[in-house]
Amino acid sequence: MIKELTDQNFEAETAKGVTFTDFWATWCGPCRMQSPVIDQLADEMGDKVQFGKMDIDQNPGTAQELGIMSIPTMVIKKDGKIVDTVVGYHDKTQLEQIINQYL
């Protein structure tokens, strides 16, 4: 399951365990390509990783705080600390390899 994250709940929702947050926008073509890949990963890895998505147009504060300049940007946190940031479209295999480093 993928949670919809907001500026208000981002810190609390990503404070424990391994979390994967997709920063995206409705007008972003590469984001629309990335979305089904993340959906697949969430279905397959959802027991080990908490997946979330944040629309940067509706929630600009967190994206600004994290210095996100391009989307899609995926942020991986472990126990509340950012351990990796991935920018641009990545296929399922690439993202799986990146995530598995932190499990």
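Scope of the values below: all heavy atoms of this structure, side chains included, with no hydrogens, waters or symmetry mates.
If you take SG on Cys28 and CE on Met33, they are separated by 9.5 Å, rounding to the nearest 0.5 Å.
A donor-acceptor pair is defined here as one N or O able to donate and one able to accept, closer than 3.5 Å; such a pair exists between the side chain of Thr73 and the backbone of Ser70. A donor-acceptor contact shorter than 3.5 Å links the side chain of Lys78 to the backbone of Tyr102. A donor-acceptor pair under 3.5 Å links the side-chain atoms of Asp7 to the main chain of Thr62, judged by distance alone. Side-chain N or O atoms of Asn59 include none that pairs as donor or acceptor with a backbone N or O of Ile56 at under 3.5 Å.
Scanning all heavy atoms of the two residues, the minimum distance from Gln34 to Pro72 falls at CB-CG, 4.3 Å. Contact between Asp55 and Ala25 at its shortest, heavy atoms only, is OD1-CA, 4.1 Å.
Among residues at least two apart or in separate chains, ring-ring contact (aromatic ring centres under 6.0 Å, His included) pairs with a member in residues 33-66 are Phe20-Phe51. Sorted by first then second residue, the ring-ring contact (aromatic ring centres under 6.0 Å, His included) pairs that include residues 22-41, not counting sequence neighbours, are Phe10-Phe23. The list of side-chain hydrogen bond (donor to acceptor under 3.5 Å, both in side chains) pairs with a residue in residues 86-100, not counting sequence neighbours, reads Glu44-Lys92.
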Could you give me the CA-CA distance, side-chain angles and deciding distance for Glu13 and Thr19, then say whether side chain to side chain contact (heavy atoms under 4.5 Å, CB included) is met?
CA-CA 8 Å; Glu13 293 287 345; Thr19 63; over 6 Å; no

Under the criterion side chain to side chain contact (heavy atoms under 4.5 Å, CB included), I'd like the reasoning laid out for Met69 against Val87: C-alpha separation, chi angles, the key distance, then a yes or no.
CA-CA 9 Å; Met69 305 296 272; Val87 180; over 6 Å; no

Do Glu4 and Lys53 pass the salt bridge (charged side-chain N to carboxylate O under 4.0 Å, His left out) test, and can you show the C-alpha distance, the side-chain angles, and the key distance before you say yes or no?
CA-CA 5 Å; Glu4 289 296 324; Lys53 292 187 178 195; over 6 Å; no

Working for side chain to side chain contact (heavy atoms under 4.5 Å, CB included), residues Ile76 and Ile99:
CA-CA 8 Å; Ile76 301 167; Ile99 293 167; 4.2 Å; yes

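Residues Leu103 and Val49 meet the side-chain proximity criterion, which asks for heavy atoms closer than 4.5 Å.
Side chain to side chain, Lys77 and Thr14 meet the donor-acceptor criterion of an N or O pair below 3.5 Å.
Checking each of Val75, Ile98, Asp22 against Val86 for a side-chain contact (heavy atoms from CB on, under 4.5 Å) leaves exactly one that passes, namely Ile98.
Each of Ile82 and Ile38 belongs to its own hydrophobic cluster when Ile, Leu, Val, Met, Phe, Trp and Tyr are linked at side-chain heavy-atom distances under 4.5 angstrom. If you chain together hydrophobic residues whose side chains sit under 4.5 Å apart, Leu5 and Leu95 never meet in one group. With hydrophobic clusters built from ILVMFWY side chains whose heavy atoms lie under 4.5 angstrom apart, Met45 shares a cluster with Ile2.
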